Amino acid sequence: MQHTDMLPRDTAVQLIDQNGAPVADEQYALPEADVLLQAYRGLVEGRRINDQAGALVRQGRLAVYPSSHGQEACQVGASMVLGDADWLFPTYRDSVAVIARGVEPADALVLLKGDWHSGYDVRAHRVAPQTTPLATQLLHAVGFAQAAKHRGEDTVVLALCGDGATSEGDFHEAMNFAAVFHVPVVFFVQNNEFAISVPLSRQTAAPSLAHKAIGYGMPGQRVDGNDVAAVLAVLGEAISRARDGGGPSLIEAHTYRMQAHTNADDDTRYRERAEVQEWVARDPLQRLRTHLTATGALDAEAEERFAAGAEEIAAAMRAALNTDADLDPEDLFRFVTETRSSQLEEQWQLLRDEIERSQLETEGHR
Amino acid sequence: MTIAHDDMRTETAERQVTTMSMAAALNRALADAIESDQDVVVFGEDVGALGGVFRITDGLTARYGEDRCFDTPLAESGIVGTAVGMAMNGLRPVVEMQFDAFALPAFEQVVSHVAKLGNRTRGGMRMPLVIRVPFGGGIGGVEHHCDSSEAYYAHTPGLTVVSPSTPQDAYSLLRAAIASPDPVIFLEPKKLYWSKGEVDTSITAEIGTARIAREGTDVTLLAYGASVSLALEAAEVAAAEGRSVQVVDVRSLSPFDDATVTAAVKSTGRAVVIAEAPGYASVASEIQARVFERCFEFLEAPVRRVTGFDVPYAPPKLEHWYLPDVDRVLDAIDTLHWDEDV
């Protein structure tokens, strides 16, 4: 590959514009209608999951929820490009991608509900635990892909992060290791313009985040993160290249975080409402709906079916999260290490005695 | 340095007993682990062609290939972070941190992920990886080459922290660390790399156990790593002065062998903890506190600590003043309320 071929385009790849009209592209083909229809269904479900999670925070059922409202095209795209043997390495904001990969919503939200740090079977779904420290999981993704290569497995790893994470040292080390060892990993940066309150201009002076790729010796590309067709095409190509032994790449999606960082954050302190409003017009759902309706792929019946499906997911989320899990205090000690030390055994006995005493007191008061 | 332990091996019916340096014992343990388990991979900075700055990985790349022992970019977080990913995907990585203070860029990976992934995933993803850290001073190294960082690791739930003080333990403990399903911080006392002793490769060590390094009845010295050799030296001098000194090699800093340590201190009624690290909020403090809690009624005197001072590790020409030495240990022993003084 020529060095200049590693450079991203000056503008992000877009296959459906914000009015729903297809955009011709020499390099990337518009996905088939049935793929786009499946993606649309994913977007509808993703939006509903984001909305429902927000409501559950207000009801006190989730401790916190970092919404991906507005970024659903990235989330759904990330899930759809992966094969069964591939792995996803998500962050805390990627719950919709995790759910789109097949994890039950209630299991994906255990971390945010507060029952445990991760609530799904990572191996069954081939989804690593969602990480909270930034960029650290990118190195795990590289090591995972390196092990897959070492063992001759046909596994590609997709690692997600945000724009803020690209400032971290681990981002640099992950890019560098991936390129040096030429491993099958794709880095997918969802550039949503803010790291909590700090804008992209304070994260980097680079022409784009995708431009960082060439410095490591891997191709970079920019994609319209609100155009799921473009996300599928660009990510899909990167995944295929990695699978064929072409090594890692860096994809930057240009998108926008429509809501605050989490419910604990006040985004009116750092951005104008007019800016948020501008992005409403670029909404990933609306443009695909317009496109699919115009081509006749989406009709009222399908719309209703998708909406009903999303409503079912939301109802299941409400039901699951309105139920308090039966939490076992011994779990605190159960998973620290494979073998429980005498120190932990003593501490568990102490807690067990405390619990038994408080139960006896409660019974005594009755 | 060439490692010629193969020339010195003496064959018996079942055992292979060889005299070798601690460095050679560690090298042998890595080689045997690579041979016996195809999932074991060794990597880090300079571990390939050079064989490591202390030659612990000498010859491994040549013998087993780049797939099993390889150099990485110079990035400690990258080394540990990719090891985490490899462990997630079924390998057993053994990584080298070159010098203790050089491991600090990897600290977030160690604390936030290595230590916690098994717990976060409710056992769904174990972390069977080993982080080898040359630790401690006494070799005349310049700054950042001689620190003792064991308290940072021992303070972190989920990490197993061990340190050998003999070639035999270096071999057996490293094999046990690599075989462990839990992540192990393996602290190699630099000062003892060239110390020699017999190694029987059929001897296995159980992580979490202390070792009685010397029998004695008057006072118990509790030490680990390079401080064990200091304790043994002090015990010899004290013996010449008529005191019978027991030495316990704590060996496993986390988990800690309360049973052996408690029984040892109860048997003598007096104890001194010896370690190179600054004493404030240290592993030595923890050992001292545990002994007080468990042995108070058996104690004839307060448990003392002999540690490094609470200063940044000393430059080479001052380190002899910083490091605990025989005199300091003997002075501590002398304060233990001996009856003959009354």
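Just so we're clear, the structure is a prediction, and the values are computed from it rather than from any experiment. Here is how names work: the chains are called A, B, and so on, in the same order as the sequence lines, proteins then strands, and each is numbered from 1.
Between B:F292 and B:F296, the angle of the ring planes lies from 30° to 60°, which puts this pair in the tilted group.
Contacts of B:E76 with chain A are made by backbone atoms alone, with heavy-atom separations under 4.5 Å and no side-chain atom involved. For B:L117, the part lying under 4.5 angstrom from a heavy atom of chain A is the side chain only. Looking at B:D182, the atoms closer than 4.5 Å to chain A (heavy atoms on both sides) all sit in the side chain, from C-beta outward. Proximity to chain A (any heavy atom under 4.5 Å) is shown, for B:V80, by neither the backbone nor the side chain. With a threshold of 4.5 angstrom between heavy atoms, B:A75 approaches chain A through its backbone and through its side chain. Only the side chain of A:V180 comes within less than 4.5 Å of a heavy atom in chain B; its backbone stays farther off. For A:Y120, no part sits under 4.5 Å from any heavy atom of chain B, backbone or side chain.
Taking every heavy atom of both residues into account, A:V189 and A:L250 meet most closely at CG2-CD1, 3.6 Å.
The candidate from B:R126, B:M86, B:M88, B:R122 with the greatest count of non-hydrogen atom pairs under 4.5 Å with chain A is B:R122. For the set B:K116, B:R294, B:M127, the entry with the most heavy-atom pairs within less than 4.5 Å of chain A is B:R294.
Between A:L138 and A:E173 the shortest side-chain heavy-atom distance does not fall below 4.5 Å. Looking at heavy atoms from C-beta onward, B:V265 lies in side-chain contact with B:L299 at the 4.5 angstrom threshold. B:L30 is listed as a side-chain neighbour of B:L60, based on a closest heavy-atom distance under 4.5 Å.
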